Amino acid sequence: MSRTDTTRRCLTKDEAADYCGLTASGFAAWCRQGIVPGPIPGTKRWDRHALDAALDKASGLRHAEAEPEDAYTRWKRERDAAKSAGDR
């Protein structure tokens, strides 16, 4: 395998596999298992930052509940809580 240029953000499948220290077939298996994300929609390129985030989560370095809540998710959670409180 060749050394991946980690300064580029978008990687080919082979580069993404190399970045993760995997063969192309091993990387494909990890994508199928949901360990790492698939390519950016509509492309054949993987986002290096998305790979980093997925690997951080898979290794326990970052938990989903520790990630900041986006505005839509917060609004939906608050709306659902208000509906539940009104049902009581």
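Small disclaimer: the values here were computed from a predicted structure and weren't measured.
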If you look only at distance, which donor and acceptor atoms sit under 3.5 Å apart when one is on a side chain in residues 25-39 and the other is two or more places apart or in another chain?
unit_1	atom_1	unit_2	atom_2	d
Ser25	OG	Thr23	OG1	3.3

Next on the checklist: The test is side-chain contact (heavy atoms from CB on, under 4.5 Å); show your working for Trp75 and Asp80 and say whether it passes.
Outcome noted: CA-CA 9 Å; Trp75 169 82; Asp80 292 347; over 6 Å; no

Checklist entry - Roughly how far apart are Thr73 OG1 and Glu78 CD, rounded to 0.5 Å? => result 11.0 Å

Item to check | Leu11 vs Leu51, side-chain contact (heavy atoms from CB on, under 4.5 Å): CA-CA, chis, key distance, verdict | outcome: CA-CA 10 Å; Leu11 306 173; Leu51 292 172; 4.2 Å; yes

Next on the checklist: If you apply the rule side-chain contact (heavy atoms from CB on, under 4.5 Å), what do you find for Cys20 with Leu55, and how did you get there?
Outcome noted: CA-CA 9 Å; Cys20 293; Leu55 293 172; 3.9 Å; yes

Next on the checklist: Among residues at least two apart in sequence or on other chains, which ones pass side chain to side chain contact (heavy atoms under 4.5 Å, CB included) with Arg77?
Outcome noted: Glu69, Arg74

Next on the checklist: Between Arg48 and Arg8, is the side-chain contact (heavy atoms from CB on, under 4.5 Å) condition met? List the steps.
Outcome noted: CA-CA 8 Å; Arg48 183 172 48 91; Arg8 287 186 303 118; over 6 Å; no

Item to check | Non-hydrogen side-chain atoms of Arg9 and Asp47 separated by less than 4.5 Å | outcome: yes

Item to check | Any donor-acceptor N or O pair under 3.5 Å, side chains Asp14, Tyr19 | outcome: no

Next on the checklist: Minimum heavy-atom separation for Arg45 and Thr43, please, with both atom names.
Outcome noted: N-OG1, 3.1 Å

